[in-house]
Number of protein chains: 2
Amino acid sequence: MSSRPTIKEVSKIAGVSFKTVSRVLNNEKHVSEETRRRVEEVVAQLNFRPSHAARTLAGRRSFQVALLYDNPSPYYVFHIQAGALERCHELGYRLLMQPLESAAPDLVPEVMALVDEAHLDGLILSPPLTEMPELIEALDKRKLPYVRIAPGLRKDHGLATTMDDVAAAREITRHLIHLGHRAIAFVRGPESHVSSADRLAGYRQELEAHGIAFDPALVIAGDYSFQSGGAAARALFARAPRPTAIFAGNDDMAAGALAAAHEADVAVPEALSIAGFDDSDLARAVWPPLTTIRQPVRELAYAAADLMLAGNAITPQVTLEHELKVRATTGPAPKG
Amino acid sequence: MSSRPTIKEVSKIAGVSFKTVSRVLNNEKHVSEETRRRVEEVVAQLNFRPSHAARTLAGRRSFQVALLYDNPSPYYVFHIQAGALERCHELGYRLLMQPLESAAPDLVPEVMALVDEAHLDGLILSPPLTEMPELIEALDKRKLPYVRIAPGLRKDHGLATTMDDVAAAREITRHLIHLGHRAIAFVRGPESHVSSADRLAGYRQELEAHGIAFDPALVIAGDYSFQSGGAAARALFARAPRPTAIFAGNDDMAAGALAAAHEADVAVPEALSIAGFDDSDLARAVWPPLTTIRQPVRELAYAAADLMLAGNAITPQVTLEHELKVRATTGPAPKG
DNA sequence: CCCGTCGCTGGCAGCGCTGTCTAAAATCAG
DNA sequence: CTGATTTTAGACAGCGCTGCCAGCGACGGG
């Protein structure tokens, strides 16, 4: 570990006080153009980067935020990470990825310890951590800035980026209805995610808007996993008459249902239509490719970081557009 | 942002000097049992966590390492992250996830700037960053500790965790040969990953060990993406006679080939066997589920962090076991 | 022509710890 | 029981920055 240059060495070479170098680094005013240029030259020449630890210790900001997650989906985590990382990087912030167990009894103290230890300037919460009342409360009490990615947004509370799950679910349900389906099953996600409830609500609303009675027996509980999608489909296949379409609350479960259909020799989409939600990598990798809703995961995270670190207070909530992706797992309802 | 407790407050309550608290926190000796207990009590009671920034600045260690990656696969990144994060957490280290572009001209200065800025204690490199000579050289010169995850290991240079790609590729090729396949195509990955070359070598070796001539025409270039797997399969389907098996260098490409087979109405595994490599989430999500090699991605990363932060110098290289997962995309070669 | 103001710059304390040195108490050898 | 050593503890500097305050020359209003 060779010795790294410090701000003092830079100042010596540039022939100014080290305080002036600090000003240049922090883009403060009251530095003449001439001086600024000279300092910047030396900084570039030495490839100098100020010590993050020292700035954190001396200043009131750490330029460090954490993204809290508790999600088993590689796809989801990878993309929110990418989006948040990008915006943080652009704004000169560092991002700590922090997996957590939302059910752990010491969740709040754990988070607080992390905040203290790292002097965090803010927190980005992803589902289901967006829905932990004790956490939100503790954050508010501590006046710690935070954004929530894709929460239910029932109470429009604090900074958040989201998409309209209800509208999206209605859209894909409508797509199915327009194809002639009437017996449409819904595989819901875990209770802990408000998105599951929202998608269920959208499904139900659209059904009723078309005069189709909502049938609770057609709603099967899943947990957003591939396995649970397969199990749900198998349960549905055991019924007569079989529903002609399955709308799964996410792509993993839809892929599970699709695999179950293949296994049971149910032709998709001829005998059964399947729709997912998320447009994860999986949606394009299975056969036939899944009809689904594109959720702008990466953009949601990018906007979240932006909102917290560079946002104006005028628009505390940002809603991003989803998009119905009609692919090959949905088709006209079979006759009869 | 309420005020966090400091080491001085802890020391005041415990009735010792703050230096003694520091000793307890760092598990140094020369502290009486009695004193240690008392201090630990106060620490727990206040939920005190020492300021990472201050320790970094004052000490010679930052308890901070970064995991460098340049990989488009959510699955891969998610799992190395999980493994590395777990071991780092256990050892009291913080992990920075740092995406990078391995082809960028300023890769080395970028990394060095990161190291300086964060006072990093070490680096975990994942493919293809494990194979950048300038990076390795710069790291060596700076005497910065690093581990490489799954490099080629041709020159056994420095710390590394790896698996035997050659042997694994031989194994799965053997499985295909035992099923009666003779015309086995191979879809290779990008040049930048040594794993592609290793897997190709294993494929070739096993072929020749069974007296099957290696046919360069049966090797199609891919880039580890789903698309490239599909393209390779379509190119193969245009040939007569068609190979009876395709061994793809990773699961994404295998899934692409599988989708192409479905599209072209080629029955898998009856008319065509397909094998992948990695045992990613995808392998179980497609239909039929893929025969593949389980690569212990998470364990590789866990071991890497362990090697660098807690390892002994005696075993600088760790090789982890792979496992052949025979699922449903491979079957007896069609007669004819 | 003096004093207030503004733009630019430097001086200095201090953020919360660790490293090192030193002092006091406890332990041990002879 | 004395001198040497070890264990335990505190004092203090200083890591590399930022925040705050002071200084200094230029400029302008009265």
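Just so we're clear, the structure is a prediction, and the values are computed from it rather than from any experiment.
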State the CG-CD distance between A/Leu120 and A/Gln98, to the nearest 0.5 angstrom.
9.0 Å
Salt bridge or not for B/Arg4 and A/Glu117, using N-O below 4.0 Å?
no
Give a yes/no answer on whether the side chain of A/Ser32 brings an N or O atom under 4.0 Å of OP1 or OP2 in C/dT9.
yes
From CG of A/Asn26 over to P of C/dT9, roughly how many Å is that when rounded to an integer?
15 Å
Starting at CD1 of A/Ile7 and ending at C1' of D/dG14, how long is that distance when rounded to a whole Å?
16 Å
Going by the side-chain contact (heavy atoms from CB on, under 4.5 Å) test, name the single residue among A/Leu129, A/Val77, A/Leu100 that passes it with A/Asn71.
A/Val77
Taking only the side-chain heavy atoms of A/Ser17 (C-beta and beyond), determine which of C/dG11, D/dT18, D/dG19 contains the nearest atom.
C/dG11
Should the pair B/Tyr224 and B/His193 be assigned to parallel (<30°), tilted (30 to 60°) or perpendicular (>60°) ring geometry?
perpendicular
So does B/Ser22 get a side-chain nitrogen or oxygen closer than 4.0 Å to the phosphate oxygens (OP1/OP2) of C/dT18?
yes
Report the residue (A/Ala53 or B/Arg38) whose heavy-atom-nearest nucleotide on DNA chain D is the more 5′ of the two.
B/Arg38
Touch check for B/Thr56, heavy atoms < 4.0 angstrom, all strands: base, sugar-phosphate only, or nothing?
nothing
When you check the gap from the basic side-chain N to the acidic O, do A/Arg38 and A/Glu34 get nearer than 4.0 Å?
yes
Among D/dT18, D/dG10, C/dG10, find the nucleotide with the atom closest to the side chain of B/Lys19.
D/dG10
Nearest-nucleotide 5' precedence on DNA chain D, B/His30 against A/Thr6:
B/His30
Would you say a side-chain N or O of B/Arg23 is under 4.0 Å from OP1 or OP2 of C/dC17?
no
Does the cation-pi check pass for A/Arg55 over A/Phe63, that is, NZ or CZ under 6.0 Å from the six-membered ring centre and within 45° of its axis?
yes
Flag the pair A/Glu299 and A/Arg87 as a salt bridge only when some basic side-chain nitrogen lies within less than 4.0 angstrom of an acidic carboxylate oxygen.
no
Please report the distance, rounded to the nearest Å, between CZ in B/Arg55 and C1' in D/dC17.
20 Å
Do A/Arg36 and A/Glu41 sit within salt-bridge range, that is, some charged N less than 4.0 Å from a carboxylate O?
no
Starting at the 5' end of DNA chain C, which residue's closest nucleotide do you reach first, A/Glu33 or A/Phe18?
A/Glu33
To the nearest Å, how far apart are A/Glu28 CD and C/dC8 C1'?
12 Å
Tell me whether the OP1 or OP2 atom of D/dA9 has a side-chain N or O from B/Thr35 closer than 4.0 Å.
yes
Between C1' of C/dG16 and CG of B/Leu25, the distance in whole Å
12 Å
Quickly work out the A/Leu57 CG to C/dG16 P distance and round it to whole Å.
7 Å
Can you tell me the distance, in whole Å, between the NZ atom of B/Lys12 and the C1' atom of D/dG10?
15 Å
Between the two ends of the helix from C/dC1-D/dG30 to C/dG30-D/dC1, what is the bend in degrees, rounded to 10 degrees, where each end axis spans five pairs?
40°
Nearest-angstrom distance from the residue atom CG of B/Asn27 to P of D/dT8
14 Å
Ignoring backbone atoms, test whether A/Arg4 places a side-chain nitrogen or oxygen under 4.0 Å from the OP1 or OP2 oxygen of D/dC17.
yes
Strictly below 4.0 Å: does B/Arg61 bring a side-chain N or O up to OP1 or OP2 of D/dC15?
no
D/dG10 phosphate, OP1 or OP2: any side-chain N/O from B/Thr20 under 4.0 angstrom?
yes
Closest of D/dG10, C/dG16, D/dG16 to the A/Ala54 side chain is D/dG16
